[in-house]
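Basis for what follows: all heavy atoms, side chains included, without hydrogens, waters or symmetry-related copies. Proteins get letters first, then strands, A, B, ... in listed order; numbering begins at 1 in each.
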Protein chains: 2
Amino acid sequence: MAYPVTETDDTASGPCEQGRALIRDVLERIGDKWSVVVICQLGDTTRRFNELRRMSEPITQRMLSATLRGLERDGLVTRTVHDTTPPRVDYALTPRGISLLQVVRDLAGWAGDNAADILDSRTAFDAR
Amino acid sequence: MAYPVTETDDTASGPCEQGRALIRDVLERIGDKWSVVVICQLGDTTRRFNELRRMSEPITQRMLSATLRGLERDGLVTRTVHDTTPPRVDYALTPRGISLLQVVRDLAGWAGDNAADILDSRTAFDAR
DNA sequence: CTGGATCCTCGTAGATACTG
DNA sequence: CAGTATCTACGAGGATCCAG
């Protein structure tokens, strides 16, 4: 494996302790500002560039382009160019991307379950 | 709820489409460089500041301090000050933090399952 | 329509030094 | 031991213009 775990004690078990580098990698993939948004919008069906752009407002062209390229690079989305006029490019999730979508949905579920309480905690904490 | 979903079409269902703001909030919480690391190290037991510092190397004092404060603010960890000499502060996960730990472990699981393939995809993609 | 290229700004993390 | 204060550097992301 190409992931050298650093020098933390690896005696512990569980996926958390197996390698921080792994987790960081995933988080850097989906932790940026737009990847999750795009993945979600690609969840149901294949979509075109400007379609994603409208759905993901206020994303900029630049960032959508960069986000899609990153996702494609990691094998999470496919990019299909139809050589028509006007040009048309379709994006869709790969099986790997769909599996990530599941994880993201769990994450979103946790967020939904705890959002209100977290907001309460924040106001309570800030009231000092 | 305090989360006004923007103007994307909300006809779709599923936790993904329910509110981008929610997901972004969680991702900003755990998506930073150190929160997940700290949460994982707090998974088993309560730990002290410098203990976390050593386990989370190469984190800086400043970032550990800021990370813990953020987690405390969101009600994910507790901070207990023992008024002894030398001073001693213990950190531990709250129930909410533990529930997040579960999600994080799932995420880590996905990362472990797909890390190798993702790396392959990247090299393949970059070979152009 | 689908992007690439460029410039610029603003936040965030790191280094370092100091305090209760 | 457990932090805070300040200063700086770096990089993600936004705005804009240009091209196939």
Return the value, rounded to whole Å, for the distance between atom CZ of Arg53(B) and atom P of dA13(C).
-> 16 Å
Counting just side-chain N and O atoms, does Trp34(B) come under 4.0 Å of either OP1 or OP2 of dG14(C)?
-> yes
Can Trp110(B) and Ser99(A) be counted as having a side-chain donor-acceptor contact under 3.5 angstrom?
-> yes
Which of the following nucleotides, dA15(C), dG3(D), dG4(C), is nearest to the side chain of Phe49(B)?
-> dG3(D)
For Arg69(B) and dT4(D), is the shortest distance between a side-chain N/O and OP1 or OP2 below 4.0 Å?
-> yes
Could you walk me through whether Asp74(B) and Arg122(A) pass the salt bridge (charged side-chain N to carboxylate O under 4.0 Å, His left out) check?
-> CA-CA 5 Å; Asp74(B) 284 3; Arg122(A) 283 185 189 173; 2.6 Å; yes
For Met63(A) and dG14(D), what is the distance between atoms CE and P respectively, to the nearest whole Å?
-> 6 Å
Arg62(A) atom CZ is separated from dC8(C) atom P, nearest whole Å, by 14 Å
Taking atom C1' of dG14(C) as reference, at what distance in whole Å does atom CD of Gln61(B) sit?
-> 13 Å
Can you tell me the distance, in whole Å, between the CZ atom of Arg88(B) and the C1' atom of dG20(C)?
-> 19 Å
Polar side chain donor-acceptor pair, Tyr91(B) to Arg79(B), under 3.5 angstrom = yes
Candidates dG14(C), dG3(C), dA2(D) - which lies nearest the side chain of Arg48(B) = dA2(D)
So is Arg53(A) actually on top of Phe49(A)'s ring, under 6.0 Å and inside 45° of the axis?
-> no
Counting side-chain heavy atoms from C-beta on, which of dG14(C), dC1(C), dA2(D) comes nearest to Asn50(A)?
-> dC1(C)
Please state how far atom NZ in Lys33(A) lies from atom C1' in dG14(D), giving the value in whole angstrom units.
-> 9 Å
Examine dT4(D): is either OP1 or OP2 under 4.0 Å from a nitrogen or oxygen in the side chain of Ser65(B)? Give yes or no.
-> yes
Between dC1(C) atom P and Arg79(A) atom CZ, what is the distance in whole Å?
-> 16 Å
Whole-Å distance between dC1(D) P and Leu68(B) CG?
-> 16 Å
Arg73(B)/Asp126(A) ion pair, N-O < 4.0 Å = yes
